[in-house]
2 protein chains.
Amino acid sequence: MSSNLLSGSLDTIIVKLLQDNGEMYGYEISKTISRLTNGKVLIKEGSLYPALHRLEAKGILETESRSIGNRHRKYYKLSEKGSKEVKHILHDMQEFIENIQNLLNIQWT
Amino acid sequence: MSSNLLSGSLDTIIVKLLQDNGEMYGYEISKTISRLTNGKVLIKEGSLYPALHRLEAKGILETESRSIGNRHRKYYKLSEKGSKEVKHILHDMQEFIENIQNLLNIQWT
DNA sequence: TGCTATGCATAGTTTATCTATGTATATTTA
DNA sequence: TAAATATACATAGATAAACTATGCATAGCA
């Protein structure tokens, strides 16, 4: 699949996953997306972590660092603000997809 | 609608319109997109013309300037190369949309 | 004559994602 | 046990897409 189509939708995917799963860490998010799309959508670290930092800086996400055995993990979850905005974010994306679908399916024959 | 969702899909929309309509000029493309989406998708000149130049530079589109009365218009249409690639471009976009739809519709309840 | 719509274009900015790289620990396997 | 692979987070710099803002010019209408 073309690589640059993802633009603009990564944030939406992240907040949706966190809405459904409560809290996740970065690696888990990237693996989950890959698994759910059969490897068709691959999020690179260089995209994912800046996106998570961005969403945290905006106050959409909040974090908690924990140690699992000797490993440390940074868990992300929706903040109160984020929880309120998710519905709007998902609605925008849904509407956008419908518009694109509509444009690409019209036949003028 | 959020502004940055369009990322990556503008080129696809353009080639689809040209595939269906044969040839169009810039203003016509932007108005058509706006009309077909009830004003939900608005392409600014600063996005549209660079995109058209880009696609022309890539050899996907070719142009022909014409005078309509005293106005001059630059008509864009798919090149031979572009015609061959459209199917692939549309397929990629369709696949991408399905993947995103899939991710956003999954329920883990 | 002034206003609105049409029509193309570019300069400069912002933003998202990418590639590439770094650090470090855990687990598996030969 | 050594090597390979997987896990885990992070940033610097490049690239590209779309944006804002602006410019020029003509057409048509009130």
Side-chain angles (χ1 to χ4, degrees), chain A residues 1-15 23-35 39-58 60-61 63-76 89 92-93 96 99-100, chain B residues 1-15 23-35 39-58 60-61 63-76 89 92-93 96 99-100:
Chain A
M1 191 175 63
S2 292
S3 57
N4 70 329
L5 292 176
L6 185 64
S7 299
S9 49
L10 178 55
D11 289 6
T12 306
I13 294 171
I14 290 172
V15 298
E23 59 179 18
M24 301 175 84
Y25 53 98
Y27 194 79
E28 184 183 15
I29 292 172
S30 82
K31 290 301 167 190
T32 301
I33 293 170
S34 171
R35 181 170 49 80
K40 294 285 176 49
V41 178
L42 296 172
I43 311 298
K44 310 299 164 51
E45 296 94 327
S47 303
L48 179 64
Y49 291 109
L52 290 171
H53 301 338
R54 214 159 52 222
L55 290 167
E56 188 182 5
K58 278 199 232 172
I60 306 287
L61 303 185
T63 63
E64 192 185 334
S65 288
R66 290 195 218 143
S67 288
I68 309 293
N70 276 340
R71 311 288 290 266
H72 97 279
R73 282 179 185 164
K74 198 167 167 185
Y75 282 85
Y76 291 85
I89 293 170
D92 280 355
M93 176 58 91
F96 173 72
N99 281 317
I100 300 298
Chain B
M1 192 176 61
S2 293
S3 57
N4 70 328
L5 292 177
L6 187 63
S7 301
S9 50
L10 178 54
D11 289 6
T12 307
I13 294 171
I14 290 172
V15 297
E23 59 179 19
M24 301 175 84
Y25 52 98
Y27 193 79
E28 186 183 15
I29 292 173
S30 82
K31 289 301 166 190
T32 301
I33 293 171
S34 172
R35 182 170 49 79
K40 294 283 176 50
V41 179
L42 296 172
I43 311 299
K44 311 298 166 52
E45 296 94 326
S47 304
L48 179 63
Y49 290 107
L52 290 171
H53 302 338
R54 213 158 54 221
L55 289 167
E56 188 183 5
K58 279 199 232 174
I60 305 286
L61 303 184
T63 63
E64 193 186 334
S65 288
R66 292 196 216 140
S67 288
I68 310 293
N70 276 340
R71 310 287 292 266
H72 98 279
R73 281 181 187 164
K74 198 167 166 184
Y75 281 84
Y76 291 85
I89 292 170
D92 280 356
M93 177 56 92
F96 172 72
N99 281 317
I100 300 297

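We name chains A, B, ... by the order of the sequence lines, and we start the count at 1 in each one. Note that the coordinates shown come from a computational prediction; the quantities given were computed from them, not determined experimentally.
- If you take CZ of A:R73 and P of D:dA6, they are 17 Å apart, rounded to a whole angstrom.
- Ranking D:dT11, D:dT7, C:dC18 by closeness to the A:H53 side chain, first place goes to D:dT11.
- Between B:L42 and B:S34 the shortest heavy-atom distance is CD2-OG, 3.6 Å.
- One interatomic measurement links the two molecules: CD1 of B:I33 to P of D:dA18, which rounds to 11 Å at whole-angstrom precision.
- The nearest whole Å value for the distance from the CG atom in B:L42 to the C1' atom in D:dA17 is 17 Å.
- Taking A:R71 as the reference, nothing meets the salt bridge (charged side-chain N to carboxylate O under 4.0 Å, His left out) condition, with sequence neighbours excluded.
- Separating the NZ atom of A:K74 from the C1' atom of D:dC9 is a distance of 8 Å, rounded to the nearest angstrom.
- A:Y75 and A:R73 get closest at one heavy-atom pair: OH-NH1, 3.2 Å.
- The distance from atom NZ of A:K31 to atom C1' of D:dA8 is 11 Å, rounded to the nearest whole Å.
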Margin query: Does the protein touch nucleotides 21-30 of chain D at the base, only the backbone, or not at all? Give it as B, S and - per nucleotide, heavy atoms under 4.0 Å.
Written below: -----BS---
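- Considering only side-chain N and O atoms, B:R54 lies nowhere under 4.0 angstrom from the phosphate OP1 or OP2 of D:dA16.
- Heavy atoms of B:I43 sit nowhere under 4.0 angstrom from any nucleic acid atom.
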Notebook entry, point to check: Passes side chain to side chain contact (heavy atoms under 4.5 Å, CB included), B:L48 versus B:I14? Steps please.
Noted result: CA-CA 9 Å; B:L48 179 63; B:I14 290 172; 3.9 Å; yes
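- For the pair A:F96 and A:S9, the minimum side-chain heavy-atom distance is 4.5 Å or more.
- The residue A:K44 sits close to a base: some heavy atom pair falls under 4.0 Å.
- For A:Y27 and C:dA26, the OH to C1' distance is 12 Å, given to the nearest whole Å.
- For the pair A:S47 (side chain) and A:I43 (backbone), a donor-acceptor distance under 3.5 Å is absent.
- Within 4.0 Å of B:Y76, counting heavy atoms only, lie sugar-phosphate atoms of the nucleic acid but no base atom.
- The ring-ring contact (aromatic ring centres under 6.0 Å, His included) test applied to B:Y49 returns no partner, not counting sequence neighbours.
- Look at OH on A:Y49: it is 21 Å from P on D:dG13, rounded to the nearest Å.
- In this structure, the CZ atom of B:F96 is 12 Å from the C1' atom of C:dT17, given to the nearest Å.
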